[in-house]
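Before any comments, here is the structure.
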Amino acid sequence: MPSHHTNGPKYGKAAGRSVESALKREKNGTLKSSNGTKVKSRKQAIAIGLSEARSKGAKVPDKPES
């Protein structure tokens, strides 16, 4: 039977709550990016939620180097 555990990044509960909040704000149309435009992408909303969690000190892996 296959295991359901992955070796991907580990996020804390606070990070999950922050992302959930960002997704709700995106759905309501109140989430804005840094330049003030409304966020329309789910991926962008998740990235903003993780960034907010990072700034609050939540357990979030470092940003990937590009």
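Starting from 1, each residue takes its place in the sequence as its number. Bear in mind the structure is a predicted one, so any value in this text is a computation, not a measurement.
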Next item on the list: Give the cluster check for V19 versus L31: same hydrophobic cluster or not, with ILVMFWY residues linked at side-chain heavy-atom distances below 4.5 Å.
Entry: no
Check: Is any side-chain heavy atom of L50 closer than 4.5 Å to a side-chain heavy atom of Y11?
Finding: yes
Check: Hey, is R25 close enough to E52 for a salt bridge, meaning N to O under 4.0 Å?
Finding: yes
Note to self: Nearest 0.5 angstrom please: Q44 CD to E26 CD, how far?
What the structure shows: 9.0 Å
Next item on the list: State, to 0.1 Å, how close K32 and I48 come at their nearest heavy-atom pair, and which atoms those are.
Entry: O-CD1, 4.2 Å
Margin query: Would you say NZ of K24 has more than 12 non-hydrogen atoms from neighbouring residues, nucleotides or ligands within 6.0 angstrom?
Written below: no
Check: Any luck finding a side-chain donor-acceptor pair between S33 and N35 under 3.5 Å?
Finding: yes
Item checked: Considering all heavy atoms, the nearest A45-A22 contact -> O-CB, 3.5 Å
Notebook entry, point to check: For A53 and S18, which heavy atoms make the closest approach, and how far apart are they?
Noted result: N-OG, 3.6 Å
Notebook entry, point to check: Atom OG of S51 and atom NZ of K56: how far apart are they, to the nearest 0.5 Å?
Noted result: 10.5 Å
Notebook entry, point to check: Are the side chains of R42 and L23 in touch, meaning some heavy atoms are under 4.5 Å apart?
Noted result: yes
